[in-house]
Number of protein chains: 2
Amino acid sequence: MLELNKMYFEDCLIGLKKIKNESIDVIVTSPPYNIGLKYNGYKDNKPREDYLDWLETIAKECKRVLKKGGSFFLNVGGKPSDYWIPLDVAMRFRNHYELQNIFHWIKSISIEKKDVGNYRNIIGDITVGHYKPINSKRFLSDCHEYIFHFTKEGNVELDKLAIGVKYQDKSNIKRWKSTKSDLKDRGNTWFIPYETIQESRLHPSTFPIGLPKKCIKLHGLKEGMVVLDPFMGIGTTALSCIELNVNYIGFEIDQKYLQVANERIINYSQERKKYLSIKSIDDFNG
Amino acid sequence: MLELNKMYFEDCLIGLKKIKNESIDVIVTSPPYNIGLKYNGYKDNKPREDYLDWLETIAKECKRVLKKGGSFFLNVGGKPSDYWIPLDVAMRFRNHYELQNIFHWIKSISIEKKDVGNYRNIIGDITVGHYKPINSKRFLSDCHEYIFHFTKEGNVELDKLAIGVKYQDKSNIKRWKSTKSDLKDRGNTWFIPYETIQESRLHPSTFPIGLPKKCIKLHGLKEGMVVLDPFMGIGTTALSCIELNVNYIGFEIDQKYLQVANERIINYSQERKKYLSIKSIDDFNG
DNA sequence: TCGGCGCTTGAATCGACGT
DNA sequence: AACGTCGATTCAAGCGCCG
């Protein structure tokens, strides 16, 4: 059995074997796109199939360690020249899990006045978030990634208000909710801004900390719970766990990323201590 | 051969047969989810497979009438209890088309201050758009639908700036663009607010007029072009064509919807005439 | 030898980031 | 403000391999 709150320098398929059956509450991860497999075969899509096979193997092993009422949040993006990747991956997971939700991570979006189609022209746009432009007349910039929420039986009860948003119409608060809090269902479209370049350069596909945090909170914070990330990267999932005060286990096979991850965790913990000395812990997990 | 700018009271599979090979520039449609197929068979997923088979047949027939450089914009949503539907449909189209883009129609989204994960709490949220709340602890509200952009060869050049949005960083305008217009790539996440309740009552799955309009403009407005909608519903695609001054052909098998559609078109045309009498036509197609 | 295909390699892209 | 840099970019040219 592995120790909690550690990141292991290990291939996750090997590491997973050391984890007991049904001992993990939440899995949050973003798998790599390209494994460094070299093929000399000519025209076939073997690499893609192998990649999918490999991910499916991990999916199976994750299923074994996941509790019955656990949640697997799988973040996958595509690329303009191949938007099938995330869908193909999801199809493989379909063989083993129920797809309970799909969350859409929106990195950038433009809000415009409603076009009612009666010749009132659009007046103003507001664009929030950023994206890297794409050099192509065929594709629009990709500002979206998927977070597939897989569960074993499709009926995991979620803590929806833990990531709730404020009501627009305040009069609804008292009207509908038994709880008198100013929070409603966030919906499955999550706007989370990009990481800054400096930060994201450390790892090609790091997701923002707000992402695993939302997933874990949505699943529900429970005493002694354990979060697993088979592809830790620079440790964003671990950081969000520290912030949320829950246990984590992670694997990473790239020593550089692991080092960055550990540095981030140390910095984080120090900042946390400093902060805690002047502020009550209750402010965090609200 | 069919007349242009008409909606036909006809099953699209029959109607499509009357359209010549490679004569359609753009197809925009939102197919029905549930066809009224009745099965007395017990536990099988035959209806789903039949539904997919049926849609695939239409996909094939549409491919025949679509020009080589044409675009097929397929709007499909899911439902919380089954998010696979749109992906299954897309998979069937994959057998016949290239998936050039995926656009994400966002009906509602909450914008919040960046969560940098360093104990600065989220300050304020803005929620734009509305959604129908869902009474379930398992699912978050679904605020998203897909628009799959299928083409024959995956290399259709798009008029990206036709649906462009304003720059955030104005200093880039003069720097890169030969044209000095304040427009940039919109990205593939399209915020389009919901239809009003009144409107959506007329037809269960009507999409807002801004949606087909964006699709058509993105493909590019061309002299004498023809837009096809095999499932016209209450004629939203036709309306957007009238507004954009392009030809359309549509099919609809529900007489009630067809009637609503024709009424909408008449009202629209009248409003258009009224409007045109006081305003130049150039204002519309900008 | 020519041509078609596939992989590799370098060029071009443009909106955002950073100074 | 102006400008240099960058991209799980894309694009096109170039080269090698084969029929």
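Numbered from 1 within each chain, the chains take letters A, B, ... in sequence-line order.
Within the 4.0 angstrom heavy-atom criterion, no nucleotide atom of any strand lies near A/Ser141.
A side chain to side chain contact (heavy atoms under 4.5 Å, CB included) with A/Val156 holds for exactly one of A/Thr151, A/Leu218, A/Asn101; it is A/Thr151.
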Output a table of donor-acceptor pairs, distance under 3.5 Å, between side-chain atoms of residues 85-92 of chain B and any protein atom two or more places apart or on a different chain; print 'none' if there are none.
from	atom 1	to	atom 2	distance (Å)
B/Asp88	OD1	A/Arg94	NH1	2.9
B/Asp88	OD2	A/Arg94	NH2	3.0
B/Asp88	OD2	B/Arg48	NH1	2.5
B/Arg92	NH1	B/Asp53	OD1	2.9
B/Arg92	NH1	B/Glu56	OE1	2.7
B/Arg92	NH2	B/Glu49	OE1	3.0
B/Arg92	NH2	B/Asp53	OD1	3.1

Report all side-chain donor-acceptor pairs from residues 64-74 of chain B shorter than 3.5 Å, counting only partners two or more places apart or in another chain.
from	atom 1	to	atom 2	distance (Å)
B/Arg64	NE	B/Glu61	OE2	3.0
B/Arg64	NH1	B/Ile19	O	3.0
B/Arg64	NH1	B/Asn21	OD1	2.6
B/Arg64	NH2	B/Leu16	O	2.9
B/Arg64	NH2	B/Ile19	O	3.1
B/Arg64	NH2	B/Glu61	OE2	2.9
B/Lys67	NZ	B/Asp25	OD1	3.2
B/Lys67	NZ	B/Asp25	OD2	3.2
B/Ser71	OG	B/His149	NE2	2.9
B/Ser71	OG	B/His219	ND1	2.7

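Judged by closest nucleotide on DNA chain D, A/Gly77 is the one of A/Gly77 and A/Ser136 placed further toward the 5' end. Mapped onto DNA chain C by nearest heavy atom, B/Lys184 and A/Asn135 fall at different nucleotides, with A/Asn135 at the one closer to the 5' end. Projected onto DNA chain D by closest heavy-atom contact, A/Pro133 and A/Asp82 fall at different nucleotides, the more 5' of which corresponds to A/Pro133.
Taking atom CD on B/Glu98 and atom P on D/dT10, their separation rounds to 15 Å, with Å as the unit. We find that NZ of A/Lys137 is positioned 14 Å from C1' of C/dC14, with the value rounded to whole Å.
Under a cut-off of 6.0 angstrom, the local environment of CD1 in A/Ile253 is sparse, with at most 12 non-hydrogen atoms contributed by other residues, nucleotides or ligands.
Between A/Trp54 and A/Phe231, the gap from one ring centroid to the other is short of 6.0 Å.
Phosphate proximity of C/dC17 to A/His130: present, with a side-chain N or O under 4.0 Å from OP1 or OP2. A/Lys132 has a side-chain polar atom (N or O) that falls below the 4.0 Å cut-off from OP1 or OP2 of D/dA8.
Stem regions for DNA chain D, each three or more consecutive Watson-Crick or G-U pairs with both distances under 3.5 Å and listed by first number, read C:2-12 with D:9-19, C:14-19 with D:2-7.
Out of C/dG15, D/dT10, D/dA8, the shortest distance to the side chain of B/Tyr167 is found at C/dG15. Proximity note for A/Arg138 (side chain, C-beta onward) versus D/dT10, D/dG7, D/dA8: the nearest is D/dT10.
For the residue pair B/Arg186 and A/Thr127, no side-chain donor N or O sits within less than 3.5 Å of a side-chain acceptor on the partner.
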